Number of protein chains: 2
Amino acid sequence: MSVQERKQRERADRERLIVATARELAEQQGWDAVTTRRLAERIEYSQPVLYSHFRGKREIIGAVALEGASEMAVAMRAATAAADTPRERVAALAHAYLDFADRNPAVYDALFQLDGGLAYAQDDTPEQLKDAFAALMETLSEVAGDGVDPGVFTEVFWASLHGIATLSRSRRLLPEDAEKRLELLVDRLAVL
Amino acid sequence: MSVQERKQRERADRERLIVATARELAEQQGWDAVTTRRLAERIEYSQPVLYSHFRGKREIIGAVALEGASEMAVAMRAATAAADTPRERVAALAHAYLDFADRNPAVYDALFQLDGGLAYAQDDTPEQLKDAFAALMETLSEVAGDGVDPGVFTEVFWASLHGIATLSRSRRLLPEDAEKRLELLVDRLAVL
DNA sequence: CTCGAATCCTAGCACTGCTAGACATCCGAG
DNA sequence: CTCGGATGTCTAGCAGTGCTAGGATTCGAG
């Protein structure tokens, strides 16, 4: 049975290679440049091989999104762990979020801008996404304020961060006010 | 010279027809369905005619965006004009904004999600866009709070609305909490 | 060693945005 | 009224897209 195991392992390796290559290509040249042909060429296989791993391009985007969600959760937890006060934790969280979006624009797009065929805010939402939301909520719960549902508060705070992330990346906001916007958001939304 | 004038008028009419048809098609079936072929067929001309009016598909999206920006500004001003207190004005503004995004998803996408080749937050930004931002700022300035730049405050409030609009439309937020999110946003961000 | 199954690739479909070049139509000068 | 030229429009085509049917090849089990 060892032969089959090796084949399975090789298949899993190749699947990871596809996702990693798609991500790399997307970060380098944008998702538009991630065509099935180019992707196939980079992994040194023919196009149909991609379809033996994923139903289509959208599922590849979804795979990159899930990978990104996990990393984002780690980044946010790491940032908040080092902070002492609630104020600092929220600020660190917001910074970590926007930093991630800034440094991994393609992954961020896969997560929140493109259609990766994933379910959000539902029962069948993948664990990685639930956990990323949980990472947000852990820090935001303590500053939601009395009588405000932590989930709703997290949604609002997240939406604000998302708006800032997307609008500033598409150059629809003034770049020089980035820090002021973040401070304002934290000071006003969080109840300290 | 009257012949030339008539021709110019007809050309302008056709241009409006193109934009209106593109918008209609996008609202009905999404921007993906707005192909140059389908669009050409609907206006009962051949494809190259589109390119005698616009440089390409992106410019058509841009034209729809500008049209939408004007309408959005009107809608927001109308909503705030009827309100008496600052609190009511901000709430009405936020409602009007999200309502517009909800009822004209394709136009909203053209404005803030897709690339219409337009400049934002710059000197050469089209008047329609500047005016839409101005409409936001008119109401938001009075609740920015002391020592906070109205422009920065408007950017933050707008980004929050944008985040809510996009995330809820892509079903990434719980639909049932829509009203709670809006109240929370207004209560926390605005200084009353 | 043979045979069947698993694996992979070539070739192609229907579509996309966009454009070159042929064709028709109509205007204004003579 | 005629004719040349400009203007307007269309047909046909290019290079690219996501995706897939069907044939060739490889490889392990018996």
Side-chain angles (χ1 to χ4, degrees), chain A residues 1-19 21-23 25-26 28-65 106 109-110 114-118, chain B residues 1-19 21-23 25-26 28-65 106 109-110 114-118:
Chain A
M1 297 301 126
S2 161
V3 172
Q4 284 191 10
E5 283 174 16
R6 194 203 67 217
K7 290 217 166 183
Q8 275 193 343
R9 211 169 46 236
E10 285 173 355
R11 237 190 103 77
D13 282 348
R14 198 172 58 179
E15 189 158 318
R16 271 189 293 274
L17 177 64
I18 293 173
V19 176
T21 307
R23 176 175 176 169
L25 194 51
Q28 285 172 357
Q29 313 181 32
W31 276 106
D32 280 351
V34 183
T35 68
T36 54
R37 271 171 249 271
R38 245 191 293 260
L39 187 50
E41 197 191 8
R42 285 227 183 175
I43 64 168
E44 295 180 312
Y45 280 97
S46 68
Q47 274 180 290
V49 165
L50 300 175
Y51 292 86
S52 77
H53 288 272
F54 301 95
R55 287 177 159 277
K57 192 182 170 181
R58 124 193 314 207
E59 261 197 11
I60 297 177
I61 296 174
V64 172
D109 282 347
L114 303 174
D115 178 15
L118 303 175
Chain B
M1 297 301 127
S2 158
V3 172
Q4 285 190 9
E5 284 174 15
R6 194 205 66 218
K7 290 214 166 186
Q8 276 193 342
R9 213 170 43 236
E10 286 173 354
R11 236 191 102 78
D13 282 347
R14 198 173 57 180
E15 189 157 319
R16 272 189 292 274
L17 177 63
I18 292 173
V19 177
T21 306
R23 175 175 176 170
L25 195 49
Q28 286 172 357
Q29 311 180 35
W31 276 106
D32 280 351
V34 183
T35 69
T36 54
R37 271 169 248 272
R38 243 191 294 261
L39 186 51
E41 196 191 8
R42 285 228 183 174
I43 64 167
E44 294 179 315
Y45 281 96
S46 68
Q47 275 180 289
V49 166
L50 300 175
Y51 292 86
S52 77
H53 288 271
F54 302 94
R55 286 175 161 277
K57 191 184 171 181
R58 125 192 315 208
E59 262 197 11
I60 298 178
I61 295 175
V64 171
D109 282 348
L114 302 175
D115 178 14
L118 304 174

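Quick note on labels: first sequence line is chain A, next is B, and so on, each numbered from 1. Computed from a predicted model, the values in this text were never measured in an experiment.
Rounded to the nearest 0.5 Å, atoms OG1 (T21(B)) and CD (Q28(B)) are 10.0 Å apart. Taking CD1 of I60(B) as the start and CG of L39(B) as the end, the distance is 5.5 Å to the nearest 0.5 Å.
By the 4.5 Å heavy-atom criterion applied to side chains, E41(B) and S46(B) are not counted as neighbours. A heavy-atom distance below 4.5 Å is not found between the side chains of L25(B) and W31(B).
Residues E59(B) and F54(B) share a closest heavy-atom pair of OE1-CA, 3.5 Å.
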Exercise. In the 5'-to-3' direction, what one-character label does each nucleotide of nucleotides 5-18 of chain C receive under the scheme B = base within less than 4.0 Å of a protein heavy atom, S = sugar-phosphate only, - = no such atom?
Worked result: ---SBB-B---BBB

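For E10(A) and dT26(D), the CD to P distance is 16 Å, given to the nearest whole Å. Between E15(B) atom CD and dT9(D) atom C1' there is a gap of 17 Å when expressed in whole angstrom units. Straight-line distance from the CZ atom of F54(B) to the P atom of dT19(C): 15 Å, rounded to whole Å. The distance between atom CD of Q29(A) and atom P of dG16(D), rounded to the nearest whole Å, is 14 Å.
Of the candidates R16(B), R11(B), R9(B), R16(B) is the only one forming a side chain to side chain donor-acceptor pair (under 3.5 Å) with D13(B).
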